[in-house]
Amino acid sequence: MVDAEHADWIFHGGAVHPMDGTDPASALAVRSGRIVAVGAAAHELRGPGTEVVDLEGAALLPGFQDAHVHAVAAGLQLLGCDLSGVHGAAEYRTLIASYVADHPEPTWIQGSGWYGDVFAGGFPHRDVLDQLVPDRPAVLTSHDVHSVWVNSEALRRAGITATTPDPVGGRIQRGPGGEPTGVLFEAAAGLVTSLLPGPDARRLSEALMTAQAELHRLGITAWQDAAVGTAEVFDDSYDTYVSAAESGRLTAKVTGALWWRRDGGPGQLELLRDRRRRVSAGRFTATAVKIMQDGVCENHTAALLSPYRGLDGETGLSFIPPEELEAVVAALVAERFDLHLHAVGDRAVRECLDALEAAGTVPAGWDPRHQIAHIDLIDRGDIARMTRLGVIANVQPLWARQDTVLVATKLPFLTEDQRARHFAFGSLARAGVPLAMGSDWPVSSPDPVWGIHVAVNRTAPLADVHAADEHAQTVPLLAAEAVGVRAAVHGYTAGAARANRLEHESGTLTIGKAADLVVLDGDPFAVDARDLSSLRVRATFVDGVPVHEAW
């Protein structure tokens, strides 16, 4: 047994980066799940039962945190017909055919993870799925979760024909004569996905545990799930998180952003309040509300201030009218909910800022963590507003590179002015806007090391199958919008911890805080910036307990 005065763990022999504004240290000691010493004093706590870890010249950092992830949805993707590990139409066909052959029982074929750039015209067609799945309905969600690809049988069951009108907040892609092509955007996806048999509690639990293991493998000790509750494309994961937390199976610390249903009205406030009350402490809390204000640029549903290039005046979709958004935001601020606002286009960003500003003074004694997620485009004047309003920029750095998705399906539809304001992380940081970084997994890889690499270099990691071309790996996307290594690492540690309302517990290696740690095989502050994506996680600790080890 370890003496009460001795440490359970001592880490030494490498760089200890506290990320709290102090200099790197030489050692760190942990006792009873808490950090009890940083620096040379850690060695004084060594006892007969202390586990001593030699970092061998590598680095110890605060455990990474993901400020925007969909863990249950990602776990379901890993358990289903998962296309995320390849990038090509032929590869998709092979995986789908294999999955269909191996799963003769399900009434519906479900999968996800496809990228539109591998198809002619940027989107797949139902004819391909009809060949692979001729006798059952098939529904495959895109990697960005803003479109679904379905076969003719799925369209038939949903009653979608050439005369079916586009639903509010959605669009049915059509061919000659108005015939549906088999791709449904945004709310239109619900015409089919509402018919899907939902996963049972056991499946949802399995999905969460699968995702948790993957996130721990990547050094992630905490995250914010950005869609907890019933949504068009996400299953209700609230009970899944509660069950996992109560049973002790949830080893990560999770902040839930409860989903705001656009058609739910003010009556859903009581449900949100109740859900927050039920999980006011422990490893799962629900202090935020997620509002989705627009779509994505790739399918032209992101809300823009000026039209998309070459699309005859198209400016995208604002899912909630601005006046209604202001009323919703004001009601939630009055209830002391942190706002987690999805806004990709510059008009959506402005509408969210307008709503936050209109909400006025926050309740006394409350420090809000309002954040706008994604911010693909932002008007230069609105950067200063974000600083003034104290709004966190919740960004997904892995997207800020010239991969084939960006080059083929996004940039052609943006004007030169819009392109010049694309993923403006550097401008946001220089203006003093707090940065919190996340992945939006399963939209893209949850690997924080990859995210740090792209934030710093604005080029793709060498091993990323979705950017396996020399252009993406060598030509930066707006190099002036890069951030330094310290800012990038901060965004995945202290910055994300603040967005997750966990900064008093974690995010820095400070005496008294939880021993949520990640051990890397190299020092991100010492390696060549071009080699950042080659770093690997050796171990991940939560509350001083290893949750992943690869020594």
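Residue indices begin at 1 and follow the sequence shown.
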Practice prompt. Could you tell me whether a side-chain N or O of Thr285 sits under 3.5 Å from a main-chain N or O of Thr287, the two making a donor and an acceptor?
Written response: no
Fill in: Side-chain donor or acceptor of Tyr308 paired with backbone N/O of Ala302 under 3.5 Å
yes
Worksheet item: Are any non-hydrogen side-chain atoms of Met292 and Ile320 less than 4.5 angstrom apart?
Response: no
Practice prompt. Examine His340 together with His342 and report whether their ring centres are nearer than 6.0 Å.
Written response: no
Fill in: Pairwise side-chain contact, Pro397 with Ile452, heavy-atom cut-off 4.5 Å (strictly under)
no
Discussion item. On a heavy-atom basis, which atom in Ala393 and which in Val433 lie closest, and how many Å separate them?
Written reply: CB-CG1, 3.8 Å
Worksheet entry | Sidechain-backbone polar pair: Gln418 side chain, Thr415 backbone, donor-acceptor under 3.5 Å | yes
Worksheet entry | Reported CG-to-CH2 distance for the pair Asp225 and Trp259, which is rounded to 0.5 angstrom | 11.0 Å
Worksheet item: Is the distance between the ring centroids of His125 and Trp149 under 6.0 Å?
Response: no
Discussion item. Gln371 and side chain to side chain donor-acceptor pair (under 3.5 Å): which single residue from Asn394, Asp338, Asn500 fits?
Written reply: Asn394
Discussion item. Between Gln173 and Thr181, is the side-chain hydrogen bond (donor to acceptor under 3.5 Å, both in side chains) condition met? List the steps.
Written reply: CA-CA 6 Å; Gln173 190 183 47; Thr181 66; 2.8 Å; yes
Item to complete: Can you establish whether the number of heavy atoms outside Glu270 located under 6.0 Å from its atom CD is more than 12?
Response: yes
Worksheet item: How many angstroms lie between atom CG of Leu517 and atom OG1 of Thr540, to the nearest 0.5 angstrom?
Response: 9.0 Å
Worksheet item: What's the shortest heavy-atom distance between Pro448 and Ile220, and which atoms?
Response: CG-CG1, 3.7 Å
Worksheet item: In terms of side-chain geometry, is the basic nitrogen of Asp367 or Arg369 positioned less than 4.0 Å from the acidic oxygen of its partner?
Response: yes
Fill in: Identified side chain to side chain donor-acceptor pair (under 3.5 Å) counterpart of Asp379 within the set Arg421, Arg385, Arg350
Arg350
Worksheet item: Does the Glu351 side chain pair with the main chain of Ser318, one donor and one acceptor, at a distance under 3.5 Å?
Response: no
Discussion item. Quick check against the 3.5 Å criterion: does Asp531 have a side-chain atom that pairs as donor or acceptor with the backbone of Ser534?
Written reply: no
Worksheet entry | Polar contact flag, side-chain donor to acceptor under 3.5 angstrom, Gln396-His68 | no
Worksheet entry | Phe413 six-ring centre to Arg309 NZ/CZ under 6.0 Å and within 45° of normal | no
Practice prompt. Quick one: do Asp20 and Thr22 satisfy side-chain hydrogen bond (donor to acceptor under 3.5 Å, both in side chains)? Show the steps, please.
Written response: CA-CA 6 Å; Asp20 61 358; Thr22 62; 2.5 Å; yes
Discussion item. Do Pro363 and Val333 make a side-chain contact, defined as non-hydrogen atoms from C-beta onward lying under 4.5 Å apart?
Written reply: yes
Practice prompt. Establish, yes or no, whether a centroid distance under 6.0 Å links the rings of His490 and His17.
Written response: no
Fill in: Residue pair Ala227 / Ser237: nearest heavy atoms and the distance that separates them
O-OG, 4.0 Å
Worksheet entry | Backbone N/O of Ala71 and side chain of Trp441: donor-acceptor pair under 3.5 Å | no
Discussion item. With a 3.5 Å distance limit and no angle check, can you tell me whether Glu335 reaches the backbone of Phe337 through a side-chain donor-acceptor pair?
Written reply: no
Discussion item. Between Val454 and Phe423, is there a side-chain heavy-atom distance shorter than 4.5 Å?
Written reply: no
Item to complete: Please name all residues satisfying side chain to side chain donor-acceptor pair (under 3.5 Å) with Arg171, sequence neighbours left out, ordered by chain then number.
Response: none
Worksheet item: Charged N to carboxylate O below 4.0 Å: is that the case for Asp294 and Arg347?
Response: no
Item to complete: Could you go through the side-chain contact (heavy atoms from CB on, under 4.5 Å) check for His422 and Leu411 one step at a time?
Response: CA-CA 10 Å; His422 203 201; Leu411 291 184; 4.0 Å; yes
Fill in: CG on Asp469 to CG on Asp403, rounded to 0.5 Å
7.5 Å
Item to complete: Mark yes or no: Arg458 above the aromatic ring of Phe425, with NZ or CZ under 6.0 Å from the six-membered ring centre and no more than 45 degrees from the axis.
Response: yes
Practice prompt. Step by step, work out the side-chain contact (heavy atoms from CB on, under 4.5 Å) result for Ser427 and Glu481.
Written response: CA-CA 6 Å; Ser427 294; Glu481 295 297 349; 2.7 Å; yes
Discussion item. Using modelled atom types and a 3.5 Å cut-off, is there a donor and acceptor pairing between side-chain atoms of Asp66 and backbone atoms of Ser439?
Written reply: yes
Worksheet item: Checking Asn457 side chain against His453 main chain: does a donor-acceptor pair fall under 3.5 Å?
Response: yes
Worksheet item: Any side-chain heavy-atom pair from Arg486 and Phe525 closer than 4.5 angstrom?
Response: yes
Practice prompt. Of all the heavy-atom pairs spanning Ser142 and Trp114, show the shortest one and how long it is.
Written response: N-NE1, 3.3 Å
Worksheet item: Can you tell me if CZ on Arg530 sees more than 12 non-hydrogen neighbours from other groups inside 6.0 Å?
Response: no
Practice prompt. Would you mind reporting whether Ile172 and Leu191 have side-chain heavy atoms less than 4.5 Å apart?
Written response: yes
Worksheet item: Roughly how far, to the nearest 0.5 Å, is the CZ atom of Arg401 from the CG atom of Leu477?
Response: 10.5 Å
Discussion item. Is the distance from the ring center of His143 to that of His466 below 6.0 Å?
Written reply: no
Worksheet item: Can you tell which of His370, Gln293, Met386 makes a side chain to side chain contact (heavy atoms under 4.5 Å, CB included) with Cys352?
Response: Gln293
Practice prompt. Please report the C-alpha distance between Asp440 and Val69 in whole Å, then the side-chain angles of each, then the deciding distance to 0.1 Å, and finally whether the side-chain contact (heavy atoms from CB on, under 4.5 Å) criterion is met.
Written response: CA-CA 4 Å; Asp440 208 7; Val69 68; over 6 Å; no
Discussion item. I want to check something: taking the side chain as every heavy atom from C-beta on, are Trp223 and Phe64 in contact at a cut-off of under 4.5 Å?
Written reply: no
Item to complete: Output the distance between atom CG (Leu414) and atom SG (Cys297), rounded to the nearest 0.5 Å.
Response: 5.5 Å
Worksheet item: What do you reckon, are the aromatic ring centroids of Tyr115 and His87 less than 6.0 Å apart?
Response: yes
Item to complete: Look at the side chain of Gln224 and the backbone N and O of Ala499, then say whether any donor-acceptor pair between them is shorter than 3.5 Å.
Response: yes
Worksheet entry | Pair Glu505 + Lys253: basic N to acidic O under 4.0 Å | yes
Worksheet entry | Carboxylate-amine/guanidinium contact Glu357 Arg388, below 4.0 Å | yes
Worksheet item: Hey, mind stepping through Thr493 and Gln65 against side-chain hydrogen bond (donor to acceptor under 3.5 Å, both in side chains) and telling me if it holds?
Response: CA-CA 6 Å; Thr493 54; Gln65 300 196 24; over 6 Å; no
Worksheet item: Is there a side-chain hydrogen bond (donor to acceptor under 3.5 Å, both in side chains) between His146 and Glu186 once you walk through the steps?
Response: CA-CA 5 Å; His146 288 268; Glu186 304 297 347; 2.7 Å; yes
Discussion item. side-chain contact (heavy atoms from CB on, under 4.5 Å) for Arg278 and Asp274? Distances and angles first, verdict last.
Written reply: CA-CA 6 Å; Arg278 286 176 56 193; Asp274 178 65; 3.7 Å; yes
Worksheet item: Are any non-hydrogen side-chain atoms of Val279 and Tyr238 less than 4.5 angstrom apart?
Response: yes
